[in-house]
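Here's the structure, in structure tokens; my notes come after.
Quick note on labels: first sequence line is chain A, next is B, and so on, each numbered from 1. Quick caveat, the model's predicted, so the values are computed rather than measured.
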2 protein chains.
Amino acid sequence: MASTQFSTKDRILGAAEELFAQHGFMGTSLRQVTSRADVNIAAVNYHFGSKENLINEVFRRRMDEMSRQRLGQLEQASKDRPGELEAVLAAFVEPALAVARDRQGGAAFIRVIARAYAEKNDGLRQFLSEQYGHVLREFARAIAQCVPGLEKEQLYWRLDFLSGALTYAMSDFGLIKRPAGVSEIAHRKRAADELIRFAAAGIKS
Amino acid sequence: MASTQFSTKDRILGAAEELFAQHGFMGTSLRQVTSRADVNIAAVNYHFGSKENLINEVFRRRMDEMSRQRLGQLEQASKDRPGELEAVLAAFVEPALAVARDRQGGAAFIRVIARAYAEKNDGLRQFLSEQYGHVLREFARAIAQCVPGLEKEQLYWRLDFLSGALTYAMSDFGLIKRPAGVSEIAHRKRAADELIRFAAAGIKS
DNA sequence: GTCTATAAGAAGATAGAC
DNA sequence: GTCTATCTTCTTATAGAC
């Protein structure tokens with residue numbers, strides 16, 4: 001294998017991520033995955049045991065990184081721009097974009113997230129809630145500090161709206177298409193700025 | 001009297017909608033559909049020709065009704081509350097809820113929508129864009145009238161955020177869960193009111 | 001760790017009787 | 001319009017050689 005320093009396991013994860021984003025979990029066969037990763041069909045079951053466990057591992061690899069960045073940027077914001085809602089929202093939104101443009105297949109990950117709540121895959125939803133629920137709670141706490149008068153239930157509604165808007169925008173489903181002359185990075189930056197402004201106004205209302 | 005007055009075709013549509021919401025388009029087999037609808041496996045291909053066409057028809061049945069209500073309520077709003085952004089947003093948001101509680105299976109349809117943009121099904125996206133794009137453009141026009149200074153690209157970003165927040169909230173994925181003492185209808189009404197307020201502030205910002 | 005080969009079954013679609 | 005039976009292809013998963 002002259003072409004790569006990536007292990008068989010990493011190549012499977014990368015190929016699976018791209019294909020899951022394109023065709024869904026159930027719409028992607030392990031044969032497609034192993035074919036794209038240029039490994040043998042039996043390697044998936046050797047390294048991951050089952051298709052379901054492969055799905056969880058694809059998630060974990062990106063979510064761990066994204067959560068780490070979100071919490072790090074949130075902590076930085078509380079030092080540099082204390083009490084400023086826009087800084088908290090940037091800490092929530094921008095790492096999602098950073099992961100999305102991280103490398104080939106990162107953009108695909110955003111669609112995998114969108115998929116996670118559309119496919120009423122209860123095992124996966126529970127996995128996400130258990131593993132990453134504390135990140136959302138941390139942001140709820142930080143937003144509450146920026147907007148002292150906001151009651152708790154209303155805050156949770158607005159966090160849900162923010163999450164939905166972020167997911168939708170990231171999945172390139174809507175009216176907005178990246179214009180030909182605009183780079184992917186510039187487009188994502190524009191998306192982040194627009195969303196932060198929109199959500200900040202909504203949360204403060 | 002109960003279920004026998006539905007035709008084979010309608011029973012297939014109802015069963016397909018529920019299963020698509022639960023397991024996705026690709027994760028649902030025609031065998032599951034015909035088994036739940038209690039019709040023969042060959043009936044799907046007789047009535048719909050193919051699985052892809054069945055998917056489109058599931059959408060058409062609900063989207064036609066939802067679009068009709070949205071445009072009707074929008075027209076009413078332009079008479080009763082001209083220039084009022086909240087009225088336009090209510091015309092966009094509330095019919096989605098009306099469809100969601102329309103009858104058995106309406107709630108499932110909301111998840112089918114969420115799924116439609118997560119499953120990067122290009123045939124379906126094109127179908128939706130062609131058949132219902134004019135509704136979105138009508139709302140863009142109405143919002144622009146309410147917020148004269150808003151530039152067009154910014155308006156489209158915000159419409160995408162609204163659509164995402166609506167979809168996410170409707171699919172019951174987020175932090176907000178319906179409390180035990182609150183009826184489904186009251187919960188949906190609360191969701192609509194919160195979203196209208198949130199989005200109105202964001203769009204006006 | 002990676003391979004070939006294959007088991008065991010599910011998928012969409014169709015032909016043709018009634 | 002609805003049925004049974006079947007074709008062809010694809011799926012996950014495993015057994016066992018190297």
query: Toward the 5' end of DNA chain D, which comes first, A/G49 or B/K9, by nearest nucleotide?
result: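 Between the two, 5'-proximity favours B/K9.
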Look at the side chain of [X] and decide which nucleotide, out of [options], has an atom nearest to it.
X: B/L30; options: C/dT2, D/dA13, C/dA13; result: C/dA13
X: A/N45; options: D/dT11, C/dG1, D/dA13; result: D/dA13
X: B/S29; options: C/dA11, C/dT2, D/dT2; result: C/dA11
X: B/S50; options: D/dT11, C/dA13, C/dG12; result: C/dA13

Worked check of side chain to side chain donor-acceptor pair (under 3.5 Å) between A/Q69 and A/E65: CA-CA 6 Å; A/Q69 286 187 26; A/E65 173 64 11; 2.7 Å; yes
B/R190/A/E153 under salt bridge (charged side-chain N to carboxylate O under 4.0 Å, His left out): CA gap, chis, key distance, verdict: CA-CA 11 Å; B/R190 173 78 193 265; A/E153 198 182 346; 3.2 Å; yes
Who are the salt bridge (charged side-chain N to carboxylate O under 4.0 Å, His left out) partners of [X], not counting sequence neighbours?
X: A/R137; answer: none
X: B/D193; answer: B/K189
X: A/K79; answer: A/E75
X: B/R81; answer: B/E84

task: Would you classify B/T34 as touching base, sugar-phosphate or nothing, given that sugar-phosphate means primed atoms plus P, OP1 and OP2, and contacts are heavy atoms under 4.0 Å?
output: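 Counting heavy atoms under 4.0 Å across all strands, no contact is made by B/T34.
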Rounded off to whole Å, could you give me the [atom1]-to-[atom2] distance for the [X] and [N] pair?
X: B/L19; N: C/dA11; atom1: CG; atom2: C1'; answer: 15 Å
X: B/L54; N: C/dG12; atom1: CG; atom2: P; answer: 10 Å
X: B/M26; N: C/dA10; atom1: CE; atom2: C1'; answer: 17 Å
X: A/F48; N: D/dT14; atom1: CZ; atom2: P; answer: 16 Å
X: A/K51; N: D/dT14; atom1: NZ; atom2: C1'; answer: 17 Å
X: A/Q32; N: D/dT9; atom1: CD; atom2: C1'; answer: 14 Å
X: B/F25; N: C/dG12; atom1: CZ; atom2: P; answer: 14 Å
X: B/D38; N: D/dT2; atom1: CG; atom2: P; answer: 12 Å

field: OP1 or OP2 of C/dG1 under 4.0 Å from side-chain N/O of A/T8
entry: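 Looking at the OP1 and OP2 atoms of C/dG1, neither is under 4.0 Å from any side-chain N or O of A/T8.
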- request: Sorted by first residue and then second, give each ring pair (Phe, Tyr, Trp, His ring centres under 6.0 Å) pair with at least one member in residues 36-74 of chain B; sequence neighbours left out.
  value: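 Only B/F59-B/F109 qualify under ring pair (Phe, Tyr, Trp, His ring centres under 6.0 Å).
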Polar atom pairs between nucleotides 4-6 of chain D and protein, under 3.5 Å, N or O only, would you list them?
residue, atom, partner, partner atom, Å
D/dT4, OP2, B/N40, ND2, 3.0

